[in-house]
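For the numbers below, each heavy atom of this structure counts, side chains included, while hydrogens, waters and symmetry mates do not. Computed from a predicted model, the values in this text were never measured in an experiment. Below, chain A is the first sequence line, B the second, and so on; all start at residue 1.
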Number of protein chains: 2
Amino acid sequence: MENTTSNSEYLRGTLKTIVLSLLAENKRMYGYEITQAVKEQTNGEIALTFGALYPVLHKLEQEGALLTESLEVDGRLRKYYALTQQGAETAREKTIELGRFLNALQNLLGVPEPLPATS
Amino acid sequence: MENTTSNSEYLRGTLKTIVLSLLAENKRMYGYEITQAVKEQTNGEIALTFGALYPVLHKLEQEGALLTESLEVDGRLRKYYALTQQGAETAREKTIELGRFLNALQNLLGVPEPLPATS
DNA sequence: CAAATATATATAAGATATTTATATATACAA
DNA sequence: TTGTATATATAAATATCTTATATATATTTG
């Protein structure tokens, strides 16, 4: 498989929110699954590295946003991460915040805003 | 004036491209002007700090993407930054790249894509 | 007339986030 | 048996950004 350029440079700062947002949609996921989901849902445009992902997962766990559960699947341990109630709240807030930021940035870059619906 | 939350956390990584993109639209700008333009064009949503901006400007200059010109205005020195030909090319590339990233991220966060125009 | 605010550029120390490299381990395909 | 896919994780190095600070003029406010 060819490797898409994968501009990870822009990922800086958004990684945490991406993880929270995915977990808000999926109930529980394991690390590898998260990287695959991001790759698939963005057509290879965004690729998470494990070196970046795991520290984020561990930090979110420390902060009380995530709970983990280890299951043995096919003879290997698989560590699932799920949002706590508090984490779900954080996910909502951060996703909205990031959405606002993305809109602002797109305006700045010259992408026209959708016209308000005519009354 | 109240200070909008200004989620600078998401700015990480995009700062360089923002600066290049603004300079592509404006021919030449000075540092303070750049911070004001970003603030205005994003309704206060994005606020650059000087501590982040100047290092980026200096680095772009070092890399040959920018040229500077100091003018005295109202008894004070004002340092203008403008894209070199090479910088203009970089700006084009990076702006497109960031645009692609922003779209990918919005899809990931569940923002629906605009429908393709009906023929 | 003094103080605050807006304009203007810049650096340094410290904090944080991310990349790159590495270690470990199983299953399956070539 | 070599490589690829699956799976988690840490450490060192680097890059980036925040916060604090310095300097200086002009204008507004009290």
Side-chain angles (χ1 to χ4, degrees), chain A residues 1-3 5-20 28-40 44 46-63 66 68-82 94 98 101, chain B residues 1-3 5-20 28-40 44 46-63 66 68-82 94 98 101:
Chain A
M1 285 294 130
E2 87 272 53
N3 216 359
T5 0
S6 184
N7 33 26
S8 61
E9 123 193 41
Y10 299 121
L11 212 55
R12 305 184 142 273
T14 60
L15 188 47
K16 193 173 174 176
T17 304
I18 289 174
V19 169
L20 287 170
R28 68 175 200 181
M29 299 178 89
Y30 52 99
Y32 187 81
E33 188 184 11
I34 293 175
T35 64
Q36 297 306 302
V38 169
K39 202 190 276 180
E40 279 162 30
I46 301 180
L48 306 189
T49 60
F50 298 114
L53 176 62
Y54 286 116
V56 164
L57 286 172
H58 300 330
K59 203 182 171 201
L60 286 171
E61 192 185 357
Q62 268 190 354
E63 292 170 2
L66 301 183
T68 63
E69 192 187 352
S70 289
L71 293 184
E72 201 185 304
V73 180
D74 294 326
R76 268 169 297 181
L77 269 189
R78 188 179 278 178
K79 198 165 172 184
Y80 280 98
Y81 297 85
K94 293 235 143 236
L98 180 51
F101 175 82
Chain B
M1 284 296 128
E2 86 273 52
N3 216 0
T5 1
S6 185
N7 33 26
S8 61
E9 124 194 38
Y10 299 121
L11 210 56
R12 304 184 141 273
T14 60
L15 187 48
K16 193 174 174 176
T17 304
I18 289 174
V19 169
L20 286 171
R28 68 175 201 183
M29 299 178 90
Y30 52 100
Y32 187 81
E33 188 183 13
I34 292 175
T35 65
Q36 297 307 302
V38 169
K39 202 190 278 178
E40 281 162 30
I46 301 181
L48 305 188
T49 59
F50 297 114
L53 177 61
Y54 285 116
V56 165
L57 286 172
H58 299 330
K59 203 183 170 200
L60 286 171
E61 191 184 357
Q62 268 189 353
E63 292 171 0
L66 302 182
T68 63
E69 192 187 354
S70 289
L71 292 183
E72 202 185 304
V73 179
D74 293 326
R76 268 172 296 180
L77 269 190
R78 186 180 280 178
K79 198 165 172 183
Y80 280 99
Y81 296 85
K94 293 235 144 238
L98 181 52
F101 176 81

Looking at [X], I'd like to know whether one of its side-chain N or O atoms comes within less than 4.0 Å of OP1 or OP2 on [N].
{"X": "A:H58", "N": "D:dT10", "result": "yes"}
{"X": "B:Y54", "N": "C:dT9", "result": "yes"}
{"X": "B:K59", "N": "D:dA15", "result": "no"}
{"X": "A:Y32", "N": "D:dT8", "result": "no"}
{"X": "B:R12", "N": "D:dT16", "result": "no"}

Could you state the atom-to-atom distance from [atom1] of [X] to [atom2] of [N] in whole Å?
{"X": "B:E9", "N": "C:dA15", "atom1": "CD", "atom2": "C1'", "answer": "15 Å"}
{"X": "A:I46", "N": "C:dT18", "atom1": "CD1", "atom2": "C1'", "answer": "15 Å"}
{"X": "A:L53", "N": "D:dT10", "atom1": "CG", "atom2": "P", "answer": "12 Å"}
{"X": "A:F50", "N": "D:dA9", "atom1": "CZ", "atom2": "C1'", "answer": "10 Å"}
{"X": "B:E61", "N": "C:dA10", "atom1": "CD", "atom2": "C1'", "answer": "13 Å"}
{"X": "B:L11", "N": "D:dT19", "atom1": "CG", "atom2": "P", "answer": "13 Å"}
{"X": "A:Q62", "N": "D:dA9", "atom1": "CD", "atom2": "C1'", "answer": "15 Å"}
{"X": "A:L48", "N": "D:dA7", "atom1": "CG", "atom2": "P", "answer": "16 Å"}

Can you tell me which nucleotide in D:dA9, C:dT9, C:dT19 comes closest to the side chain of A:K79?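 Of D:dA9, C:dT9, C:dT19, D:dA9 is nearest to the side chain of A:K79.
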
Which nucleotide, D:dT10, C:dA10, D:dT18, lies nearest any side-chain atom of B:A52?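 Output: D:dT18.
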
In Å and rounded to the nearest 0.5 Å, what is the CD1 to NZ distance from A:I18 to A:K94?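 Those atoms lie 12.5 Å apart.
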
Which value, rounded to the nearest 0.5 Å, describes the distance between A:L53 atom CG and A:T35 atom OG1?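 Taking CG in A:L53 and OG1 in A:T35, the distance rounds to 7.0 Å.
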
What's [X] touching, base or sugar-phosphate or nothing? Going by heavy atoms closer than 4.0 Å.
{"X": "B:Y80", "value": "nothing"}
{"X": "A:G51", "value": "base"}
{"X": "A:Y30", "value": "sugar-phosphate"}

Could you say whether B:K16 or A:L57 is positioned toward the 5' end of DNA chain D, judged by the nucleotide with the nearest heavy atom to each?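 Checking each residue's closest nucleotide, the 5'-ward one belongs to A:L57.
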
Side chain to side chain contact (heavy atoms under 4.5 Å, CB included) between B:F101 and A:T14: does it pass, once the steps are laid out? CA-CA 11 Å; B:F101 176 81; A:T14 60; 4.2 Å; yes

On DNA chain C, check which nucleotide each of B:Q36 and B:Y81 is closest to and give me the residue with the more 5' one.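 Nearest-nucleotide comparison on DNA chain C picks B:Q36.
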
If I compare all heavy atoms of A:E33 with all of A:R28, which pair ends up nearest, and what's the gap?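 That closest heavy-atom pairing would be OE1-O, 4.2 Å.
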
Could you walk me through whether A:L57 and A:I34 satisfy the side chain to side chain contact (heavy atoms under 4.5 Å, CB included) test, starting with their C-alpha distance in whole Å, then the side-chain angles of each, then the deciding distance to 0.1 Å, before giving a yes or no? CA-CA 11 Å; A:L57 286 172; A:I34 293 175; 4.2 Å; yes

